[in-house]
Structures are given as structure tokens and as C-alpha cells.
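Residue numbering restarts at 1 for every chain, and letters A, B, ... go by the order of the sequence lines.
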Amino acid sequence: MADEGALTTGITASELRPLAPEFYLRRADEVAPELLGRFLIRGARGRRAVGRIVEVEAYLGADDPASHAAGGRRTARTETMYRRGGVAYVYLIYGLHHCLNVVCGPSDEAQAVLVRAIEPVDGLEWMIANRGIGPEPRPGDVGGGPGKLCQALAIDRSLDGVSLLDGELVLGEGRPAPPEELVRGPRIGVDYAGEAAAWPLRFAVADHRHMSRPIMRGRPGRYNRRS
DNA sequence: CGGAAGATCCACT
DNA sequence: GTGGATCTTCCGA
């Protein structure tokens, strides 16, 4: 991890402090809303980039038809999901993009939270270079999507299984979002999962500019339209 | 061993 | 809004 020394970020030491190991040892749908506002801290080759998580989705393991572990499926790819909570599960999707998950729960539960969007907090120039985009990105261009944020933070399968407590990829305390600012809705891109596609397991900071796609504001239980 | 589909993104119409 | 990129993973034969 890069040393402190940046003069411009305003990030405090407590915001960078790793979340406790016990934080992860719960169901994914309990952990997911508490991940909103947390800092994802990527350190590599003396550089640092930090993103604030603003959108996530919970995947509940064997009983969740949308999960890679649906029905208790256990394969070489998904083995990381079955580990004890507190590690990263990174996989390649569509042969092109990587997705980052936070593994939750005790061993063999295969619970995970997909990180769907971050707001850049530090290291913006590095993220822009990683994304290969122009110097003045619009909101969402850097981290507004699961594949985008992995590219921005240089996350690929070499980080599959790494601890989130210390090292190249850390989940820090950050600036948690107040519960009244959270919204929830159905998960994206899981139409193959039948009824489970409608489960309200997507969580986001309401009306946040860096979200991958909008969620209508409303009471829990009201969803946005859109298939 | 073959084929189909995928927790996505981007360019184009 | 639609379709193409691109390749690993997984399941069935």
C-alpha cells in the first residue's frame, strides 16, 4: 500500500482502518447494506486508489438460484465463495470483465456481496488511466458498474481469494451511509433466476451519481420498474 | 468433447 | 434500444 503523504485527499486514518474480521461473519443480505459508504482501498506497485462503495448486491448461496453456488454447486471457480467471510471472490464475466465480491458468513456457506459501483475518493488519475478514458469523466464512468470498478482499481483474478483485512485490497471503515439514505430493489442481470430475480437484494445510496443504474426512491418493498 | 450462456460494457442506430 | 466483443466455465452426451 502506498504511504500516506497525499496532501489533497482529506482521508483520515480511521477511514482507512480495516473492518473487523467479525464484520463479515453474517448473512450476505445483512452485510450488504452495511458495505455502503465503506472504502475499497487498492494498493499496488506503490500506488493507491480508494473508492467509496455506493451500490451492492447480496447473493445468498445454495438457496439462491441467482448465485453461482445455487443448489450447492461447488466448482473450481466458485471454491473461493465457500471460504470463511473476509476474502475477495473475483471472477471473469463474458470473457471480458471482472467482478468483485465480498465473501460473507462462515466457511461453506457461499454467501457473497457483489460490489456494483464506487465513487472515486483517491487516486483518480490512476483509475482513469486504468479505465482508458478521457481526463474529465462523467459520473459513473470510472466506477459505475461492476466491471468498470474492477478495471479502475486494477482488480483481476490474481486477487481472487485475497484477504480484505490487509494487503493489496482492503475494505476500510470509510464513511458509512445513514440507513435512511439507502434504497433497495431487484438485482440486475439475473433474469435466468426465475422468481429470485425479483428478490430485493440490491442496495444503494439513494440517488447517488455514481450508481450503475437508477433505483427509484421509495419505501423498502417498492421497486423500480424496468424488467 | 461440443455447445451454450454468462452477476457486462461500449459503440452504434 | 440493439447487438457485438470475447473466453471461461459448466453441463450434458
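Rounded to whole Å, the distance from NE2 on A/His97 to P on C/dT9 is 16 Å. Distance A/Arg157 CZ to B/dT8 P: 17 Å, rounded to the nearest Å. Taking atom CG on A/Leu60 and atom P on B/dA7, their separation rounds to 15 Å, with Å as the unit. Taking atom OH on A/Tyr89 and atom P on C/dT8, their separation rounds to 15 Å, with Å as the unit. Rounding to whole angstrom units, NZ of residue A/Lys148 and P of B/dA11 are separated by 10 Å. With rounding to whole Å, A/Arg74 atom CZ is found 15 Å from C/dC11 atom P. Protein atom CD1 of A/Ile155 is 13 Å distant from nucleotide atom P of B/dC9, rounded to whole Å. Between the CZ atom of A/Arg213 and the P atom of B/dT8 there is a distance of 8 Å, rounded to whole Å.
A close approach under 4.0 Å does occur between a side-chain nitrogen or oxygen of A/Tyr192 and OP1 or OP2 of B/dA7. Contact annotation: A/Arg73 reaches the phosphate of C/dC11 (side-chain N/O to OP1 or OP2, under 4.0 Å). One finds no side-chain N or O of A/Arg77 lying less than 4.0 angstrom from the OP1 or OP2 phosphate oxygen of C/dC7.
Using a 4.0 Å cut-off between charged side-chain N and carboxylate O, A/Arg27 and A/Glu109 make no salt bridge. Between A/Asp141 and A/Arg131, no side-chain nitrogen of the basic residue sits less than 4.0 Å from a carboxylate oxygen of the acidic one, so the salt-bridge criterion is not met. A salt bridge links A/Arg74 with A/Asp108: the closest approach of a Lys/Arg side-chain nitrogen to an acidic carboxylate oxygen falls below 4.0 angstrom.
Ranking B/dT8, B/dA7, C/dC10 by closeness to the A/Thr75 side chain, first place goes to C/dC10. Among C/dT6, C/dT9, B/dA7, the nucleotide with an atom closest to any side-chain atom of A/Tyr91 is B/dA7. The A/Pro146 side chain lies nearest to B/dC9 when the options are B/dA7, B/dC10, B/dC9. For A/Leu96, the side-chain atoms get nearest to C/dT6 when compared with the rest of C/dT6, C/dC10, B/dA7. Among C/dT8, B/dT8, B/dA7, the nucleotide with an atom closest to any side-chain atom of A/Leu92 is C/dT8.
With hydrogens and angles disregarded, no donor-acceptor distance shorter than 3.5 Å links the side chain of A/Arg187 to the backbone of A/Ala197. Although no hydrogens or angles enter the test, the distance criterion places a donor-acceptor pair under 3.5 Å between the side chain of A/Gln111 and the main chain of A/Ala28.
With rounding to the nearest 0.5 angstrom, the CG atom of A/Leu19 is 5.0 Å from the CG atom of A/Leu171.
Base-pairing analysis of DNA chain B finds the following stems of at least three consecutive Watson-Crick or G-U pairs, with both pairing distances under 3.5 Å: B:1-6 with C:7-12, B:8-12 with C:1-5.
Of the two residues near DNA chain B, A/Ile133 and A/Ser67, the one whose nearest nucleotide lies more 5' is A/Ser67.
Judged by the 6.0 Å and 45° rule, A/Arg157 forms no cation-pi pair with A/Tyr91.
Side-chain contact annotation: A/Arg116 with A/Ser212, donor-acceptor N/O pair under 3.5 Å present.
For the segment residues 104-119 of chain A, the set of residues with a heavy atom within less than 4.0 Å of an atom of DNA chain C is empty.
When the C1' atom is compared between C/dG3 and B/dA5, the two are found 16 Å apart, to the nearest whole Å.
A/Leu114 and A/Val31 fall into different hydrophobic clusters, defined by Ile, Leu, Val, Met, Phe, Trp and Tyr side-chain heavy atoms under 4.5 Å apart, directly or through other members.
Checked against A/Tyr89 for a side-chain contact (heavy atoms from CB on, under 4.5 Å), the options A/Arg83, A/Glu79, A/His68 give a single hit: A/His68.
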